[in-house]
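A short write-up of the structure that comes next.
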Amino acid sequence: MAAGRFITENNLTVIDDDIDVTNIVNNFFGDAHNHVIKLRGQIEELAQSTEPDLYLIREMIGKCIYTIQAFYSGTNWVEMNGDSVYRDFGVPNKTLMAIAGATVDTCQDCDNSGETENSCENNLLVHDMLTSGYKTGQDVQPPYKTSGDIGNGKCGFGGSDDTENGYRTANGGINKDRLDPKYSPHHHLHYSAYDAAKKATELFLVDPDIGILNEVKEDKFIQIFGLVKRYQTSFGFVIDDTGSMGPIIAQVRKACIDIVTNVLGTANAPSNYILVTFNDPEKHMHRLTTENGVEMISALDNITVNGGDDCPEYAMSGLQKGIELCKDKSTIFFYTDAPAKDALENQTVIDAVNEKQIDLRLFLQDSLCIGRRRKRDTSGRTKRDAGSDPYSLVAEGTGGTIYRFNTEELGDIIRQISEEIFPSATAIVDMFEIYSDDDDSVMFLVDNMLNNVKITVIGADSVDDIDVESPFGSILTAENTSVLFESPDKVVVTVLNPTDGIYKVIRTGNNNWSVNITAQTSVDFHYAITEESDDGNLYKVLGNPIIAIRNLYKNTVANVSYTVENKGSENETFVIDVTDNRGLLIGKTSFTELISSNGSTEIIFQIDGSSLYTTV
């Protein structure tokens, strides 16, 4: 199993019947062993970069772990050694134990000698050397049976997917993937394989002698796995509250509140929050230090602006105060629309940031209240922005980041970087509209993998218009783990550490609502669209294939209604209304009617420039 998976995944080699297969098994173990070692070297090299590609490193680590874990399920190591770990596998400068050669029969046909009909407990013939289970569809075929006993051969993978099992291999197999005996012939060793793979994964990552922690070093390891220990750090906000900030202060408040809301209740929540404002003539004001994120949200929401008529403000003083109050290795967000009045204090700020190893994020409005616009790149951010102004000097001297924004951009910039700073996946729970004549309550399901749930309502006048009912039938309030706050265009309710079950959003007014329910979770996922090729393997598809769009369309828009008068000839284009599965109008679009040979009608929709197909 491990051999075929590894070779299929990495396209290492293809061996057919015309090639000498004497070392076929040795080649797998050597290749897999050496592949893990090679990946470890690449991971170490990438991790030494100033700005390492974390996604690529994670992908390489994933390949290593996959190969290591497959080893315990698909080889006979566990049969020989139980749940102990093979410490030499995938480790540089180590030589593997003896491996069964191509001419050695390693398994016999299963005799159903175990407790169940599909058991293969006694099918192994070798107990002092490594062998692997071969599976149908792998690039590497096992050698033909060489002994006179037709019931012997190489070990198979086994299970319902191993359709050619017994052709070259012995009947049955040795895979321990599942507890199901119909799929895993050695299901009785599943937990031993699981325990061994789990321990091997831990050793691969953090063992003091053989773990990759030795190769990537602790600081990069923390970045790769998003393990910043927020419980030991502070999250500070240093905000300009002078009068010139009036046009953007609402956006600043909302951006800061969104970040605190997202991190509440997660493993990445800081130990405390710091709020400092600065002005002129007042150099700075320590507004709040609190461990309570709800209290910080309230303080942020109450920031107002005043004074500062001469434009430059005491920005460096505000930063110094924020740094002073924060713990080591903390994160500080700084917001201003003005130059620094105390620009000569920039070196003091640089020294303080470096001493405490602060992650400094400087958010500067595009024109710093003097009409001078700086050219920026379209992402809205400039790493270590070049220049001689004090903000650029601070960024350059500390490794901090400058984000130049206008009012409309700030929310997008915050969303782009929030996952980088506070790693946690955002899951969409539900999205819906409530109109004046609809029911006033909508149910949604929360499972036990969610850290907090955020309900965003566009259209509510205030928090008094919204009730959230728990699975126990009680209405949540700010006192029992719900956070409520208002902004100029929305009301947000956040349920911290929710109990799993059915919740209700209840409208107490009569406004039309647009509701978006999201959740923070420690579980993340990735996906890829694949297509089966002629050789039976699945390959990643680039671009937007029609078949994938068709499937997506059928899953998301289950009902299509249209009215056409005086249907014309084939391929004539009509304008129609498209509705979703609840009858809500998505929009007007066009379609071309195509009559197929079997009498069905295929409609091609053009929505947002993409062709979507359905058959009616």
**OP:** Taking Ser330 for its side chain and Cys326 for its backbone only, find out whether a donor-acceptor pair lies under 3.5 Å.
**Re:** no

**OP:** Test side chain to side chain contact (heavy atoms under 4.5 Å, CB included) on Val238 and Lys321 and set out the steps.
**Re:** CA-CA 9 Å; Val238 178; Lys321 189 62 177 178; over 6 Å; no

Subject >> Contact check, side chains of Ile502 and Pro471, non-hydrogen atoms, under 4.5 Å >> reply: no

Subject >> Flag, side chain of Asp430 to backbone of Ile517, donor-acceptor distance under 3.5 Å >> reply: no

**OP:** For atom CD of Glu291, decide whether the heavy atoms of other residues, nucleotides or ligands shown that lie under 6.0 angstrom number more than 12.
**Re:** no

Subject >> Pairwise distance CE(Met316) to CG(Asn346) - rounded to 0.5 angstrom >> reply: 6.5 Å

Subject >> salt_bridge(Glu202, Lys199) N-O dist < 4.0 Å >> reply: no

Subject >> Separation between OG1 of Thr242 and CD of Glu313, rounded to the nearest 0.5 Å >> reply: 4.0 Å

Subject >> Under 3.5 Å side-chain donor-acceptor pair for Ser244 and Asp337 >> reply: yes

Original post:
Just by distance, do the side chain of Ser474 and the backbone of Ser470 share a donor-acceptor pair under 3.5 Å?
Top reply: no

**OP:** Compare every heavy atom of Arg404 with every heavy atom of Ser392, then report the nearest pair and how far apart it is.
**Re:** OG-NH2, 4.1 Å

Subject >> Side-chain heavy atoms of Pro52 within contact of Ile57, under 4.5 Å >> reply: yes

Subject >> Taking every non-hydrogen atom, the tightest pair across Arg507 and Ser436 >> reply: NH2-O, 3.7 Å

Subject >> Pairs touching residues 240-250 that satisfy salt bridge (Lys or Arg N to Asp or Glu O under 4.0 Å), sequence neighbours left out >> reply: Asp241-Arg287

**OP:** Tell me whether the centres of the aromatic rings in Tyr403 and Phe363 are closer together than 6.0 Å.
**Re:** yes

Subject >> N/O donor-acceptor pair under 3.5 Å between Thr456 side chain and Val515 backbone >> reply: no

**OP:** Using the side chain to side chain contact (heavy atoms under 4.5 Å, CB included) rule, pick out the option among Ile455, Thr494, Ile506 that qualifies with Val468.
**Re:** Ile455

Original post:
Which pairs pass salt bridge (Lys or Arg N to Asp or Glu O under 4.0 Å) with one or both residues in residues 37-48, sequence neighbours excluded?
Top reply: Arg40-Glu215

Original post:
Below 4.5 Å, heavy atoms only, C-beta onward: do Ile350 and Glu396 meet side chain to side chain?
Top reply: no

Subject >> Contact summary for Val305 and Met245, nearest pair of heavy atoms >> reply: CG1-CB, 4.0 Å

**OP:** Using modelled atom types only, decide if a donor and an acceptor are shared between the side chain of Asn302 and the backbone of Ala299 within a distance under 3.5 Å.
**Re:** no

Subject >> Nearest non-hydrogen partners of Ala460 and Ile466, listed with the distance >> reply: CB-CD1, 4.0 Å

Original post:
Is any side-chain heavy atom of Lys454 closer than 4.5 Å to a side-chain heavy atom of Asp258?
Top reply: yes

Subject >> Salt-bridge present (Arg87, Asp207; N to O < 4.0 Å) >> reply: yes

Original post:
Any donor and acceptor pair, going by atom type alone, linking the side chain of Arg58 with main-chain N or O of Ile224 inside 3.5 Å?
Top reply: yes

**OP:** Taking the side chain as every heavy atom from C-beta outward, state whether Asp465 and Val491 have any atom pair closer than 4.5 Å.
**Re:** no

**OP:** Taking side-chain hydrogen bond (donor to acceptor under 3.5 Å, both in side chains) as the test, write out the residues that go with Glu282, two or more places apart.
**Re:** none

Original post:
Can you check whether Ser441's main-chain N or O pairs, donor with acceptor, with Lys504's side chain at less than 3.5 Å?
Top reply: no

Original post:
Under 3.5 Å, is there a donor-acceptor pair linking the side chains of Thr348 and Asp351?
Top reply: no

**OP:** Look up atom OH in Tyr391 and atom CD1 in Ile402, then write down how far apart they are to the nearest 0.5 Å.
**Re:** 9.5 Å

Original post:
Just by distance, do the side chain of Lys356 and the backbone of Glu324 share a donor-acceptor pair under 3.5 Å?
Top reply: yes

Original post:
Should the ring pair Phe333 and Phe237 be called parallel, tilted or perpendicular, given that the plane angle runs from 0 to 90° and is split at 30 and 60?
Top reply: perpendicular

**OP:** Just do the side chain to side chain contact (heavy atoms under 4.5 Å, CB included) check on Ile61 and Phe204 with the steps written out, would you?
**Re:** CA-CA 9 Å; Ile61 290 174; Phe204 170 76; 4.2 Å; yes

Subject >> OG on Ser234 to CD1 on Ile274, rounded to 0.5 Å >> reply: 4.5 Å

Subject >> Glu345-Ser317 side chain donor-acceptor pair, cut-off 3.5 Å >> reply: no

Original post:
Step by step, would you call Phe444 with Val505 a side chain to side chain contact (heavy atoms under 4.5 Å, CB included)?
Top reply: CA-CA 8 Å; Phe444 63 94; Val505 178; 3.4 Å; yes

Original post:
Would Asp280 and Lys341 pass as an ion pair if we require N to O under 4.0 Å?
Top reply: yes

Original post:
Have Asp467 and Thr508 got a donor and an acceptor in their side chains that come within less than 3.5 Å?
Top reply: no

**OP:** Check for a donor-acceptor pair, side chain of Arg253 on one end and backbone N or O of Thr304 on the other, with a separation under 3.5 Å.
**Re:** no

Original post:
Given the side-chain rings of Tyr335 and Phe278, with only the six-membered ring counted for Trp, is the space between their centroids under 6.0 Å?
Top reply: no

Original post:
Can you tell me how far CG of Asn279 sits from CE of Met285, rounded to the nearest 0.5 angstrom?
Top reply: 8.5 Å

**OP:** Would you name the heavy atoms of Pro312 and Ala340 that are closest together and state the gap between them?
**Re:** CB-C, 4.4 Å

Original post:
When rounded to the nearest 0.5 angstrom, what is the spacing between CG in Leu319 and CG in Asp342?
Top reply: 9.0 Å

Original post:
So which heavy atom on Leu39 is nearest to which on Cys64, and how close?
Top reply: CB-SG, 3.5 Å

Original post:
Any donor-acceptor pair under 3.5 Å linking the side chain of Asp438 with the backbone of Ile434?
Top reply: no

Original post:
Side chains of Ile248 and Gln365: closer than 4.5 Å at any heavy-atom pair?
Top reply: yes

Original post:
Can you tell if the side chain of Leu325 reaches within under 4.5 Å of the side chain of Val276, non-hydrogen atoms only?
Top reply: yes

Original post:
Which is it for Trp513 and Glu433 under the side chain to side chain contact (heavy atoms under 4.5 Å, CB included) test, yes or no, and what are the steps along the way?
Top reply: CA-CA 6 Å; Trp513 278 8; Glu433 309 282 340; over 6 Å; no

Original post:
Would you call Ile37 and Val91 a side-chain contact if the rule is heavy atoms closer than 4.5 Å?
Top reply: no

